[in-house]
Amino acid sequence: MCNSRSAVPRHVYVHVPFCARRCSYCDFAIAVRREVPVSEYLQSLAKELQVRFGETPAKDVDTIYFGGGTPSRLGGDGLARAVALVTRYFTPAAGAEITIEANPEDVTATAAAQWRIAGVNRVSLGAQSFDNAVLDWMHRTHDGAATKSAVSTLQNADITNLSLDLIFALPESLHRNLENDIDQLLTLEPDHVSLYGLTIEPTTALGKWVQVGKAVEQPEEGYEMDFLTANRLLTSAGFEHYEVSNYAKPGKQAVHNAAYWANVPYVALGPAAHGFDGETRRWNLRNYAEWRDVVMTGTDPIEGSELLTNENRVAESVYLGLRSEAGLLTTNSDHAVIDRWIQAGWASVGADNRLRCTTNGWLRLDSLAAALTHHRSR
Ligand code: SF4
């Protein structure tokens, strides 16, 4: 059960939708632009802040996260101005985490220095793979060397809290060597790694390749093998597997993402951004131009909202609890479902009475969460 009703949000998400082109697997809310309309976007963001928070005093927050899309496409100055706009309304508390997502090709020495001066202290870099043929297939706009260069540029600019994203479970026909990719990643010594299994959405280029037989989804055994291989290599290198898709060196867990998993309130700004006030989820207009046009008339760019029902809350608390090492507080009644998981090695219950998935349990996360939600909802 969410314990955050009516709490004041201490986390802010800002969606920056621009990308140079669409990756073959991506169905995110993005705006493909060769030239990024930086000033137009910043004016619209300023307007949304004014419309939604103009009458309220500035609040202290623990995290600000610029996600996308590709926030680094705003450039050094553009992103620094975006941070300045947001921090007028949301003041970073001492030690606050300010993260930007970046693609390697946008990381120049000048941009990195401007981000650091603006207060950015963590960068999540979209590496995905170090194999250039794989990166081409993904329609990424960088090669493996660009990722390595971006890491050293960021470190030289004193942004040392770095996370790298990798994708696994690629079609077998690509002959991607995951072990080699993880070895290369480890030489860069990131603090944090996000590891996502490839999902095939029907509206993407990849979805269309699958429909016409140009690509074949990795079979389930391959997915499991990749997941376990990554777990073995990363935990041997000193990373803690603290959430189904995330690994961190001790003390380097992502504070902003942990807020989502803890189901606490957060503010969300920008097109398609989803926020939560402890009771209600709200989301902004998804299309960039619509969001911009509506907000520039001085109107809240909200597209919809949903007051969470008790059923929603049960489902969310189970899913969110099981996906991270924080775990889920168990009740006596849960044992009718979870005893079998414990025997199978998919979960354990600690002295704190919290249920935690094992690595093998995380491979079954969706079905375990569905079973326990069903049980708790009866
Ligand atoms: S860079 Fe990220 S958001 Fe942009 S198209 Fe690629 S996967 Fe999607």
Side-chain angles (χ1 to χ4, degrees), residues 13-38 41 45 65-75 78-79 82 99-108 111 115 122-147 149-151 154 162-171 174 176 181 185 190 192-210 215 245-246 254 256-257 260 268-274 283-289 291:
Y13 174 79
V14 185
H15 192 72
V16 184
F18 308 110
C19 290
R21 64 171 160 166
R22 191 177 277 277
C23 299
S24 58
Y25 52 85
C26 177
D27 74 338
F28 294 166
I30 65 164
V32 175
R33 296 284 188 281
R34 191 176 299 221
E35 295 294 327
V36 175
V38 176
Y41 171 80
L45 179 62
Y65 190 103
F66 290 85
T70 316
S72 56
R73 296 271 296 153
L74 291 177
L79 201 38
T99 305
I100 65 168
E101 290 179 356
N103 271 352
E105 70 273 23
D106 298 328
V107 181
T108 63
W115 297 336
R122 183 171 182 272
V123 172
S124 173
L125 204 56
Q128 315 310 355
S129 171
F130 292 90
D131 179 328
N132 290 339
V134 167
L135 291 168
D136 277 349
W137 178 87
M138 290 178 175
H139 292 173
R140 299 290 299 178
T141 48
H142 58 91
D143 57 16
T147 300
S149 162
V151 167
L154 289 165
L162 298 180
S163 179
L164 294 178
D165 285 359
L166 275 193
I167 298 185
F168 71 95
L170 301 180
L174 291 173
R176 188 270 190 98
D181 267 350
L185 174 142
H192 189 277
V193 178
S194 295
L195 196 81
Y196 300 107
L198 184 74
T199 52
I200 299 177
E201 304 297 342
T203 54
T204 61
L206 173 58
K208 300 204 167 66
W209 297 342
V210 169
S245 303
N246 287 284
H256 183 85
N257 301 49
Y260 298 150
L269 302 158
H274 284 54
W283 54 94
N284 275 354
L285 289 159
R286 181 178 169 93
N287 178 278
Y288 168 66
W291 167 79

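As a basis for the values below, the full set of heavy atoms in this structure was taken, side chains included, without hydrogen atoms, waters or symmetry mates. We count ligands from 1, going down the list as the structure has it; atoms in each ligand are counted the same way.
Near R21, the atoms of ligand 1 lying under 4.0 angstrom from a non-hydrogen atom of the residue are 5 (S). Each of the following atoms of ligand 1 lies closer than 4.0 Å to a heavy atom of Y25: 7 (S).
Looking at V36 and Y41, their side chains never come closer than 4.5 Å, going by heavy atoms from C-beta outward. The closest side-chain heavy-atom distance from P17 to F28 is not below 4.5 Å.
For the pair N103 (side chain) and E105 (backbone), a donor-acceptor distance under 3.5 Å is absent.
Contact annotation for R140 and ligand 1: only side-chain heavy atoms (C-beta onward) come within less than 4.0 Å of the ligand.
When all heavy atoms of W115 and G75 are compared, the pair lying nearest together is NE1-O, 3.2 Å.
With sequence neighbours left out, D181 forms a side-chain hydrogen bond (donor to acceptor under 3.5 Å, both in side chains) with S129, R176. The ring-ring contact (aromatic ring centres under 6.0 Å, His included) check on H142 picks up nothing, with sequence neighbours excluded.
Each protein N, O or S atom less than 2.8 Å from atom 4 (Fe) of ligand 1 was counted, giving 1.
Applying the side-chain hydrogen bond (donor to acceptor under 3.5 Å, both in side chains) rule to pairs touching residues 21-36 yields Y25-R140, sequence neighbours excluded.
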